[in-house]
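Quick note on labels: first sequence line is chain A, next is B, and so on, each numbered from 1.
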Amino acid sequence: MELIITEKDNAARRIAEILSEGSASAERRNGVNVYRWGGKRVVGLSGHVVGVDFPPEYNDWRDVEPVELIDADVTKEATQENIVATLKHLARKAESAVIATDYDREGELIGKEAYELIRDVTDVPVSRVRFSSITEREVRGAFEDPDEIDFDLAAAGEARQIIDLVWGAALTRFLSLSARQLGDDFISVGRVQSPTLKLIVDREREIEAFDPEDYWEIFADLQKNGSGFEAQYFYDDDGSEAERIWDEAEAEAAYADLTSVDSATVTNVRRRTRTDSPPTPFNTTAFISAASSLGYSAQRAMSIAEELYTTGYMTYPRTDNTVYPDDLEEDALLDEFVGSPEFGEDAESLLEQDEIVATEGDEETTDHPPIHPTGEIPNKSELSEDEWEIFELVVRRFFATVAEAATWERLRVVSEAGGRSLKANGKRLVEPGYHAVYPYSSASENHVPDVEEGEELSISEVRLEDKQTQPPRRYGQSRLIETMEDLGLGTKATRHNTLEKLYDRGYIEGDPPRPTALANAVVEAAEDFADRVVSDEMTAQLERDMTRIANGEATLDEVADESREMLSQVFEELRNSSEEIGEHLQESLKADKTLGPCPQCGESMLVRRSRQGSYFVGCDGFPECRNTLPLPSSGEPLVLDEECEEHDMHHVKMLAGRDTFVHGCPRCEAEKADESEDEVIGPCPECRDGEGGELAIKHLRSGSRLVGCTRYPDCDYSLPLPRNGDIEVTDEFCEDHDLPELVIDPDSDDPWELGCPICNFEEYQARNAVQDLEDLNGVGSATAEKLEDAGVDSLDALREADADSIAGEVQGVSAGQVRDWQTELDA
DNA sequence: GCAAGGTC
């Protein structure tokens with residue numbers, strides 16, 4: 001038997017399909033798919049199935065000096081036990097094995113990891129095949145002419161693993177220990193995250209240091225036969241054209257000259273034709289940028305792309321490549337879209353071109369093809385709105401790359417008035433070219449009428465505008481990812497995760513992201529004592545070293561030892577500064593939790609955590625001052641920059657995944673609750689008989705509202721209400737529950753008919769259950785709804801359910817699948 | 001529990 005190993009299940013399935021000519025069947029073993037036909041088996045890994053770590057005696061942060069990690073052993077342990085077990089089981093029965101992981105450095109390392117797992121159980125021959133896209137021709141070609149594993153290239157990857165672990169773990173532990181932050185709130189640093197954070201911190205420093213300068217600009221409206229256009233005053237500044245006037249008196253003088261006359265004489269007209277080339281194929285970074293201009297965060301864009309990839313509508317979303325492979329037949333792919341209600345017309349018009357030639361970008365790599373549609377087209381109703389929008393973007397980008405260039409006509413008109421110069425630049429799209437199929441990039445025109453030299457134009461208005469230079473703009477998420485790519489920080493598959501990590505660690509907040517006080521302190525500490533770890537130079541050096549290892553010019557041990565030596569020097573510097581660094585970090589942590597002055601004693605009000613783990617706002621003067629304010633019970637509080645003017649208190653945001661919301665000023669929220677009175681709406685279903693309990697609309701000091709029993713705390717029956725909006729109690733009654741129907745924001749343009757609060761809560765729970773189920777692997781919205789209908793109304797219900805009876809009840813769901821979900825939930 | 005890199 002021959003065993004073929006790929007980097008992921010999806011690749012395993014497609015390779016089996018190609019090599020078996022469709023005859024392969026799938027079986028599951030330990031929850032891992034194995035594809036088989038004849039004497040072949042194909043199994044997909046899940047990226048790295050082993051990971052580097054220190055031996056267990058280094059686990060306790062308090063028992064081990066961080067500096068000891070520098071020379072600690074680094075071991076490899078299985079991280080995906082099921083897959084490792086399946087791989088070994090298959091290897092025992094194999095006569096030969098073929099490594100078919102991705103064709104890039106990390107793929108070579110993943111292949112070598114599989115090789116070592118095979119070697120643990122057998123010494124059968126192991127070969128390596130490489131292909132850049134999973135097409136019939138490439139895959140067959142690769143398997144006809146197998147190669148060997150490139151152990152040097154894999155060693156380059158291992159050097160990266162070791163260096164990242166040792167630097168990251170040692171410095172992370174050092175900072176966390178010095179600031180006494182050992183729980184979930186440790187203080188992390190790393191080769192990629194810290195230089196990325198420094199980009200954000202540096203930009204914020206520039207913004208803070210920015211000193212705006214006043215300047216003036218003058219605009220004039222010119223008229224030709226009733227058709228008006230705008231021209232701008234300019235002057236010669238040492239041979240180049242300048243529009244900004246830095247001196248107020250000079251600006252007034254120019255304005256006076258221009259207003260002293262009522263016409264301008266055209267002195268120069270220049271016409272030019274410009275071609276505007278279509279965009280290049282999408283790699284991950286370009287895709288994220290384009291999705292971001294449609295309003296998607298990097299994380300969201302990638303997760304939708306992942307979904308569209310696994311359902312088969314688009315190619316692999318993690319790629320550096322911007323050149324389509326030779327195998328891609330553009331016209332055949334366009335043909336697939338003919339007849340589609342949304343794309344048919346555009347596809348046909350593209351097919352009418354004399355020649356179909358795709359654009360090419362600068363990056364040509366072997367990893368995967370650029371992102372493009374597969375030709376499989378979903379019905380619009382199968383996808384969510386967001387999924388469809390992203391799918392359409394990918395389709396239209398492909399269309400654009402095979403479309404013709406656009407042509408613009410540019411017209412520049414210079415005129416003189418009162419001894420001063422005015423210019424106007426017009427542009428008109430003559431040939432729309434790719435813009436016709438790709439509406440995302442700007443194609444806005446600016447009309448300037450045709451005029452001749454010597455012509456007189458009347459001036460209808462002159463405006464003197466006073467302006468100020470602006471500070472540099474903050475990086476948005478996609479701009480950050482582009483900059484990371486330029487600097488070589490991270491990879492196509494990790495850059496968006498790095499940003500997410502910076503949010504999770506409390507280093508940045510908002511979009512565009514702004515650094516917290518903690519982030520500033522971490523970057524400052526690193527700049528002072530471990531400059532390399534906040535510099536992109538560390539990655540650049542590592543890349544050079546990895547190239548040397550891959551070329552056989554250096555060994556893994558040499559490179560790793562050299563790096564350990566540098567880290568030892570860093571720790572020499574750090575040794576005596578632990579206290580100083582720790583204090584600074586702690587002050588910053590406190591600053592990030594500070595809301596404003598305590599109205600009772602003048603100390604600061606801080607976000608704190610009770611023994612029970614819930615968050616509240618408490619005075620720093622505790623125990624002398626016992627002033628507190630409550631916070632909502634769900635989510636992690638984040639102190640925003642925005643302040644309440646009445647109380648000098650920062651607003652608070654509660655981070656809770658998709659239920660994140662802005663709580664606002666805790667004092668305002670508490671006062672609102674104090675001023676409101678409970679409004680009784682009907683009987684309490686729990687205790688109406690006997691105790692005669694009633695339900696009322698209540699406002700809590702933590703800012704939330706609910707329908708709860710008037711006998712609270714003797715009866716704790718309650719139903720949630722939305723956080724915001726006026727609540728109207730109507731005179732329509734729900735017959736099942738004897739309760740009035742409620743309307744939120746009745747006077748707004750879009751009132752929300754919430755209905756009976758009990759019915760509403762039941763629907764809400766069902767919806768939540770469906771959403772939770774959809775987050776499980778391989779559960780689409782249809783399956784989730786079927787599960788919910790079958791009584792699986794929460795994740796807990798699924799965890800405790802009997803797999804066989806669910807499989808019997810829900811069509812298209814097997815007991816094995818249910819058991820996989822249960823394993824996933826337990827993990 | 002630390003990193004960054006795969007993948008879901």
Write down the distance between [atom1] ([X]) and [atom2] ([N]), rounded to a whole number of angstrom.
{"X": "A/E307", "N": "B/dT7", "atom1": "CD", "atom2": "C1'", "value": "15 Å"}
{"X": "A/E108", "N": "B/dG5", "atom1": "CD", "atom2": "P", "value": "18 Å"}
{"X": "A/K492", "N": "B/dG5", "atom1": "NZ", "atom2": "P", "value": "11 Å"}
{"X": "A/E57", "N": "B/dC2", "atom1": "CD", "atom2": "P", "value": "19 Å"}
{"X": "A/E113", "N": "B/dA4", "atom1": "CD", "atom2": "P", "value": "18 Å"}
{"X": "A/D73", "N": "B/dC2", "atom1": "CG", "atom2": "C1'", "value": "17 Å"}
{"X": "A/M484", "N": "B/dA3", "atom1": "CE", "atom2": "C1'", "value": "13 Å"}
{"X": "A/K8", "N": "B/dG6", "atom1": "NZ", "atom2": "P", "value": "10 Å"}

Closest contact, heavy atoms only, A/F571 versus A/A170: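 Shortest heavy-atom separation between A/F571 and A/A170 comes out as CZ-O, 3.7 Å.
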Phosphate OP1/OP2 of [N]: any [X] side-chain N/O under 4.0 Å:
{"X": "A/R505", "N": "B/dA3", "value": "yes"}
{"X": "A/Y316", "N": "B/dT7", "value": "yes"}
{"X": "A/T494", "N": "B/dG5", "value": "yes"}
{"X": "A/R495", "N": "B/dA4", "value": "no"}

Contacts of type side-chain contact (heavy atoms from CB on, under 4.5 Å), residue A/S563, not counting sequence neighbours: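 Applying side-chain contact (heavy atoms from CB on, under 4.5 Å) to A/S563 gives A/I163, A/W167.
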NZ or CZ of A/K8 within 45° of A/Y316 ring axis and under 6.0 Å: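 Yes.
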So what does [X] touch, heavy atoms closer than 4.0 Å: a base, only the sugar-phosphate, or nothing?
{"X": "A/V49", "answer": "nothing"}
{"X": "A/D60", "answer": "base"}
{"X": "A/Q80", "answer": "base"}
{"X": "A/D184", "answer": "nothing"}
{"X": "A/G490", "answer": "sugar-phosphate"}

Whichever of A/R62 and A/Y309 has its nearest DNA chain B nucleotide further upstream toward 5':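 Here A/R62 is the residue nearer the 5' end.
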Closest-nucleotide ordering on DNA chain B, the 5'-leading residue of A/W61 and A/V50: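 Of the two residues, A/W61 wins.
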A/Y313 atom OH, over 12 foreign heavy atoms within 6.0 Å: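 Result for OH/A/Y313: enclosed.
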Other residues, nucleotides, ligands: >12 heavy atoms within 6.0 Å of A/D184 CG: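 For A/D184, atom CG is not crowded (no more than 12 foreign heavy atoms under 6.0 Å).
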Any side-chain heavy-atom pair of A/L383 and A/L308 under 4.5 Å: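 Side chain of A/L383 against side chain of A/L308, heavy atoms only: contact under 4.5 Å found.
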Selection from B/dG6, B/dC8, B/dA3 that lies nearest to any side-chain heavy atom of A/E306: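 The answer is B/dC8, which lies nearest to the side chain.
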Nearest to side-chain heavy atoms of A/N497, which nucleotide of B/dC2, B/dT7, B/dA4: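 Comparing B/dC2, B/dT7, B/dA4 against the side chain of A/N497, the answer is B/dT7.
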Positions of residues 154-177 of chain A (non-hydrogen atom under 4.0 Å from DNA chain B), listed by number: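 Of all residues in residues 154-177 of chain A, the ones placing a heavy atom under 4.0 Å from DNA chain B are A/R160, A/Q161, A/D164, A/L165, A/G168, A/A169, A/T172, A/R173.
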Presence of donor-acceptor pair under 3.5 Å, side chain of A/D53 and base of B/dC2: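 Such a pair is found, so the answer is yes.
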N/O donor-acceptor pair, side chain A/S188 with base B/dC2, under 3.5 angstrom: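 No pair found.
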A/R180/A/E583 salt bridge by N-O under 4.0 Å criterion: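 Looking at A/E583 and A/R180, the cut-off is not met.
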Derivation of the side chain to side chain donor-acceptor pair (under 3.5 Å) call for A/Q193 and A/S188: CA-CA 9 Å; A/Q193 59 168 285; A/S188 68; 2.9 Å; yes
